[in-house]
Amino acid sequence: MTFMTDNVLTFSNVSYCYEPNEPHVLRDASFTLKRGTFGAIVGPSGAGKSTLLRLAIGLTKPLSGTVTNTARTRMIFQDGALLPWRTVKENVHLGFTGTPGTKREHHKRIQEELESLGLGHLSDAYPRELSGGQRQRVGIARALVADPEFLLLDEPFSALDFETSARLSEELLQIFSERSITMLMVTHNIEDAAMLADEIFVFSGGTISHKVPVHLPRPRNRDDQHVEHIVKEVKGFITHAEKV
Ligand code: ADP
Ligand code: MG
């Protein structure tokens, strides 16, 4: 129906602070993310990006304003956020929380997902036996087993070396296009945002200060002048906003 809202996530004038007397981490932040698109939120360290994601998934309630998200949502963290005392397949199993299905169905699904991420042989390994990239993939598998409609990614590449993150970025893009999952990635790396996103939201001074659409086909090349142009534009906005 054309009347149905096509937005997966809406922030309307959202404000938030951790302590009553401290400055607000979010101030009147507003933006919407359309279903089926890849959004990126960029901002410096400590700006409040992780807080924004916690609000988006409903782990935290806004002080004022509203957050609307009715999609089945999962989150991916910087380092995979695995439980060290559980095996790979036990960690992935945690992704089923709140999802129906028999034990047998879950096991089959876990194995499928691990195999599609190249981890089939590691299902009984412990996180300490894995590389950073493998740990991050386990985190992705855990998010994907529940067939999410919406995936939140919190600095998914920042704990990885350049080559591993480039490979993972390609895999994410493949998941995005094959499974039509709406994605919202937060990052302090503007290049990563320009490589992946349909729209970049500049998060600065506690609010979404600028929105930059990126009308470029994917996969993109970091050296492409159009990509470089977007990076420059966004950098300009951040520098400008931080000075104010
Ligand atoms: P980012 O992800 O952009 O680095 P965060 O959302 O983690 O930023 O943090 C934003 C601000 O909120 C920081 O100043 C941080 O110190 C503060 N903060 C984060 N988590 C908490 C918490 N649990 N209690 C109090 N302050 C917090
Ligand atoms: Mg963070």
Side-chain angles (χ1 to χ4, degrees), residues 9-33 38-69 73-83 127 132-133 135-140 142-143 148 150-162 164-165 168-169 172 182-197 199-212 231 234-244:
L9 180 69
T10 304
F11 270 56
S12 302
N13 305 105
V14 174
S15 294
Y16 185 79
C17 67
Y18 285 98
E19 304 291 339
N21 294 321
E22 288 196 354
H24 285 187
V25 178
L26 268 82
R27 281 190 288 130
D28 236 5
S30 297
F31 72 101
T32 57
L33 187 67
F38 200 125
I41 296 184
V42 299
S45 243
K49 301 183 297 300
S50 296
T51 304
L52 189 149
L53 287 190
R54 291 170 59 80
L55 285 155
I57 202 171
L59 280 169
T60 309
K61 298 289 166 217
L63 196 63
S64 63
T66 53
V67 174
T68 313
N69 170 10
T73 308
R74 286 291 187 273
M75 182 115 87
I76 290 171
F77 301 90
Q78 184 175 332
D79 54 358
L82 308 180
L83 299 179
R135 275 198 291 272
Q136 188 57 290
R137 280 194 185 84
V138 176
I140 294 172
R142 183 179 56 197
F150 185 23
L151 213 48
L152 301 172
L153 305 113
D154 195 353
E155 310 259 9
F157 310 126
S158 61
L160 307 174
D161 61 72
F162 184 78
T164 311
S165 66
L168 203 62
S169 156
L172 266 184
T182 308
M183 296 202 182
L184 181 63
M185 172 176 82
V186 307
T187 177
H188 64 272
N189 187 317
I190 299 166
E191 283 83 7
D192 286 344
M195 284 293 285
L196 294 171
E199 188 164 12
I200 300 176
F201 304 98
V202 179
F203 185 47
S204 189
T207 200
I208 302 295
S209 63
H210 297 83
K211 297 169 190 173
V212 181
V231 170
V234 172
K235 273 190 181 153
F237 287 148
I238 290 185
T239 315
H240 176 71
E242 293 315 304
K243 275 189 202 147
V244 171

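Ligands are counted one by one from 1 in listed order, and the atoms in each one are counted from 1 as well. Just so you know, residue 1 is the first one in the sequence shown, and it goes up from there.
In this structure a side-chain-to-backbone donor-acceptor pair under 3.5 Å is present from Arg142 to Ala81. The closest donor-acceptor contact from the side chain of Asn69 to the backbone of Ala56 lies under 3.5 Å. Side-chain atoms of Lys49 never come within 3.5 Å of backbone atoms of Met185 as a donor-acceptor pair (strictly under, hydrogens ignored).
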Could you go through residues 13-26 and list every donor-acceptor pair under 3.5 Å that involves a side-chain atom there, pairing it with any protein atom two or more places apart or in another chain?
unit_1: Asn13; atom_1: ND2; unit_2: Asp28; atom_2: OD1; d: 3.3
unit_1: Ser15; atom_1: OG; unit_2: Asp28; atom_2: N; d: 3.0
unit_1: Tyr18; atom_1: OH; unit_2: Thr51; atom_2: OG1; d: 2.7

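Excluding waters, the protein N/O/S atoms found under 2.8 Å from the Mg ion (ligand 2) are Ser50 OG.
Looking at Phe157 and Thr187, their side chains never come closer than 4.5 Å, going by heavy atoms from C-beta outward. Residues Ser158 and Asn189 are not in side-chain contact: their nearest non-hydrogen atoms beyond the backbone lie 4.5 Å or more apart. Under the 4.5 Å side-chain criterion, counting only non-hydrogen atoms from C-beta, Phe11 is in contact with Leu52.
Taking the six-membered ring where tryptophan is involved, the planes of His210 and Phe237 are essentially parallel, since the angle between them stays under 30° and well short of 60°.
Screening residues 199-210 for salt bridge (Lys or Arg N to Asp or Glu O under 4.0 Å) gives no qualifying pairs among residues at least two apart or on separate chains.
Protein residues lining ligand 1, listed by chain and number: Tyr18, Val25, Pro44, Ser45, Gly46, Ala47, Gly48, Lys49, Ser50, Thr51 [non-hydrogen atoms, distance under 4.0 Å].
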